[in-house]
Amino acid sequence: MKTYILVIDQGTTSTRAILFDHESNIVGMAQKDLKTDYPHPGWVEQDANEIWAGTVGVIYEVIAKCAVKEAQIAAIGITNQRETTIIWDKESGQPIYPAIVWQSRQSNCYIEQWKGEGREAWVKEKTGLLLDPYFSASKIRFILDHVEGAQARAEAGELLFGTVDSWLMWKLTNGKRHISDVSNASRTMLMNIQTMDYDDELLRLWNIPRVMLPQICDSSENYGIASGLSDHPIVISSMIGDQQAALFGQLCFEAGSLKNTYGTGCFLLMNTEDQLIYSKHGLLTCAGWRIGNEKCYVLEGSVFVAGAAVQWLRDGLKIIENSSETQARAQQLSSSEGVYVVPAFTGLGAPYWNPSAQGAIFGLTRGTTQEHIIRATLESLAFQTYDVIEAMRQDSHLAIHSLQVDGGAAENQFLLQFQADLLQCEVKRSFISETTALGAAYLAGLAVGYWRDKTEIKAQARYGTCFMPSHDQIKQKHRLEGWHRAIQGVLTYCKS
């Protein structure tokens with residue numbers, strides 16, 4: 001009887017269930033869009049019950065669509081949007097407040113308070129993170145402060161906190177397991193990055209009771225049975241945050257291997273294995289995964305605007321009708337002829353971390369055309385990626401031989417060739433787009449013996465198109481110098 005791994009991929013905009021076979025092929029997929037609310041400027045919230053209902057729905061849908069029996073599912077893996085914060089009643093299982101999404105800035109007042117007290121370096125030493133409302137701790141504090149009686153109830157053990165992985169695990173096991181894995185726990189700003197356990201001093205800083213927190217587990221192990229989904233017991237055997245899952249799915253198992261997801265923004269992660277590296281260049285240090293005695297750390301850098309810049313060409317400037325046409329139009333030119341687009345629409349992320357920066361176009365002349373702006377916009381994705389990878393090189397002192405890529409914009413061949421030229425290394429496009437879910441599938445399969453080890457998984461490696469760099473390094477150096485002048489112009493302008 002052929003068996004499969006079922007992955008729950010709970011993202012910011014949708015929930016999906018995906019079936020993989022032993023050869024890493026997608027057998028079937030079901031997807032349910034997820035509604036997001038914006039009750040005030042900067043606030044981003046979702047309904048945790050809708051997340052759960054959508055999860056159950058897509059699981060049943062993909063099983064029915066593929067005519068797969070529950071007995072054919074070897075294990076379930078979970079990968080999820082990180083940092084999103086849910087607090088629920090332990091007895092009733094009902095959330096006491098909407099899920100506060102990772103993008104939300106509604107808890108920024110707490111961050112400004114701790115910055116004012118000079119806590120940044122102390123927090124970074126403990127967690128590997130920058131003080132920012134992005135992470136879960138300030139979101140927990142916001143809910144406990146804004147729901148009447150919540151602090152007392154949390155201290156009494158009546159309330160539970162979880163990121164989305166914990167919420168789904170608790171619901172799937174009918175409340176038997178309240179757990180999280182190290183990758184998600186490392187994004188709460190409550191886990192000590194060195195011990196991979198919650199830190200008492202951090203809990204006191206945020207006044208968050210330990211009793212409400214999920215137990216921190218490995219990313220790949222037998223957590224328990226998914227009760228209530230079927231009469232056949234199905235083991236749940238992986239939990240991992242989405243970006244770390246993509247790193248694993250891209251087979252980045254060695255130190256110095258890295259991946260970039262070109263989505264709305266860019267998420268770059270570098271595997272540093274068991275070496276804990278504190279960045280001096282605006283990067284985050286997080287847990288990648290933990291499997292038994294194997295502990296993996298990562299350096300992470302986020303680019304705020306990547307694919308969103310292409311959307312701006314379509315919806316803002318209205319100079320393209322769809323993103324697919326940008327490749328051909330960019331290739332009409334041999335260069336951008338000194339035009340640089342800095343798409344700092346929501347500030348600049350790593351390695352600059354300047355939330356006040358605004359977007360700009362430099363180098364305009366009477367000869368500038370729409371194609372120059374389109375090409376320069378695509379180039380900006382590669383320039384921003386270069387800056388993050390250069391920061392990773394400097395922090396890690398590791399050689400970089402190739403970059404694994406996925407995400408929507410990775411379909412653009414012009415972008416990936418330009419990226420390879422800038423980095424002077426090979427750029428490998430994934431053979432499937434669902435690398436996040438594939439990483440969770442591999443981790444789930446390893447826990448139950450579906451795959452013996454990472455060597456067996458790596459033997460299945462397949463890639464899409466590989467892009468080799470040109471060797472005109474003088475031209476690349478000139479392009480980078482122009483880009484960094486443009487960045488400095490944006491940073492100077494935001495100070496004025």
Side-chain angles (χ1 to χ4, degrees), residues 41-42 103 105 108 111-112 115-116 118 120-121 124 129-134 260 262 264-268 279-284 299-313 316-317 319 335-370 372-395 415 418-419 421-423 473-496:
Q103 301 159 309
R105 312 295 289 181
N108 191 49
I111 299 300
E112 292 305 315
K115 283 183 177 179
E120 295 102 317
K124 184 174 183 180
L129 308 176
L130 302 175
L131 260 178
D132 195 275
Y134 185 8
N260 186 21
Y262 298 90
T264 301
C266 284
F267 288 94
L268 290 98
S279 176
K280 297 178 181 177
H281 301 91
L283 305 177
L284 305 176
L299 284 172
E300 177 172 333
S302 301
V303 172
F304 292 162
V305 175
V310 179
Q311 294 172 343
W312 166 72
L313 294 176
L317 294 189
I319 60 175
S335 81
S336 58
E337 297 181 358
V339 176
Y340 291 89
V341 173
V342 181
F345 305 141
T346 56
L348 285 171
Y352 302 102
W353 286 107
N354 190 315
S356 302
Q358 295 177 304
I361 303 177
F362 293 88
L364 297 176
T365 69
R366 282 291 298 273
T368 300
T369 65
Q370 291 182 356
H372 288 97
I373 295 172
I374 291 168
R375 182 179 175 117
T377 300
L378 291 176
E379 290 177 352
S380 76
L381 277 63
F383 284 130
Q384 291 178 100
T385 297
Y386 174 92
D387 286 346
V388 175
I389 292 176
E390 184 58 27
M392 289 177 168
R393 279 191 179 121
Q394 293 180 33
D395 280 332
L415 168 63
F418 189 81
Q419 188 75 80
D421 293 345
L422 277 185
L423 292 171
Q473 295 188 37
I474 294 175
K475 183 185 291 185
Q476 308 318 321
K477 182 180 178 183
H478 177 72
R479 286 169 168 167
L480 284 164
E481 287 172 347
W483 165 254
H484 290 132
R485 286 197 302 272
I487 286 287
Q488 287 306 313
V490 165
L491 295 174
T492 300
Y493 177 79
C494 75
K495 292 176 183 176
S496 62

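In what follows, residues are counted from 1 in the order of the sequence shown. Just so you know, these numbers use all the heavy atoms, side chains as well, and skip hydrogens, waters and symmetry mates. Keep in mind that this is a model prediction, so the values were computed, not measured.
Contact annotation: the side chain of Ile111 approaches that of Asn108 to within less than 4.5 Å [non-hydrogen atoms, C-beta and beyond]. Proximity of Leu348 to Phe304: side-chain heavy atoms (C-beta onward) are nowhere separated by under 4.5 Å. Counting only heavy atoms from C-beta outward, the side chains of Phe418 and Leu378 never approach each other to under 4.5 Å. A heavy-atom distance below 4.5 Å is not found between the side chains of Leu129 and Tyr134.
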Any chance you could lay out the side-chain hydrogen bond (donor to acceptor under 3.5 Å, both in side chains) test for Gln476 and Arg479, step after step, and finish with the verdict?
CA-CA 5 Å; Gln476 308 318 321; Arg479 286 169 168 167; 3.1 Å; yes

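The existence of a salt bridge linking Asp132 and Lys115 is excluded, since no basic side-chain nitrogen approaches an acidic carboxylate oxygen closer than 4.0 Å.
Atoms CD1 and OG1, from Ile319 and Thr369 in turn, are 8.5 Å apart once rounded to the nearest 0.5 Å. Atom CG of Leu283 sits about 5.5 Å away from atom CG of Leu299, to the nearest 0.5 Å. Note: Leu130 CG to Glu120 CD = 9.0 Å, rounded to the nearest 0.5 Å.
Every side-chain contact (heavy atoms from CB on, under 4.5 Å) that Thr368 has, sequence neighbours left out, goes to Val339, Leu364, Thr365, His372, Ile373. Looking at residues two or more places apart in sequence or on another chain, you find a salt bridge (Lys or Arg N to Asp or Glu O under 4.0 Å) between Glu379 and Arg375.
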Please tabulate, for side-chain N and O atoms in residues 381-395, each donor-acceptor pair with protein atoms closer than 3.5 Å (sequence neighbours left out).
| unit_1 | atom_1 | unit_2 | atom_2 | d |
| --- | --- | --- | --- | --- |
| Gln384 | NE2 | Val305 | O | 3.1 |
| Gln384 | NE2 | Ser380 | O | 3.2 |
| Thr385 | OG1 | Asn260 | ND2 | 3.1 |
| Thr385 | OG1 | Leu381 | O | 2.9 |
| Asp387 | OD1 | His484 | NE2 | 2.8 |
| Asp387 | OD2 | Tyr352 | OH | 3.0 |
| Asp387 | OD2 | Trp483 | NE1 | 2.9 |
| Glu390 | OE1 | Arg393 | NH1 | 3.1 |
| Glu390 | OE2 | Gln394 | NE2 | 3.4 |
| Arg393 | NH2 | Leu423 | O | 3.4 |
| Gln394 | OE1 | His281 | NE2 | 2.9 |
| Asp395 | OD1 | Lys280 | N | 2.9 |
| Asp395 | OD1 | His281 | ND1 | 2.7 |
| Asp395 | OD2 | Ser279 | OG | 2.5 |

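Closest heavy-atom contact between Ala306 and Cys266: CB-SG, 3.5 Å. Between Ala360 and Phe362, the shortest heavy-atom contact is CB-CE1, 3.6 Å. Nearest heavy-atom pair, Ala309 versus Pro343, reported as atom, atom and distance to 0.1 Å: CB-CB, 3.9 Å.
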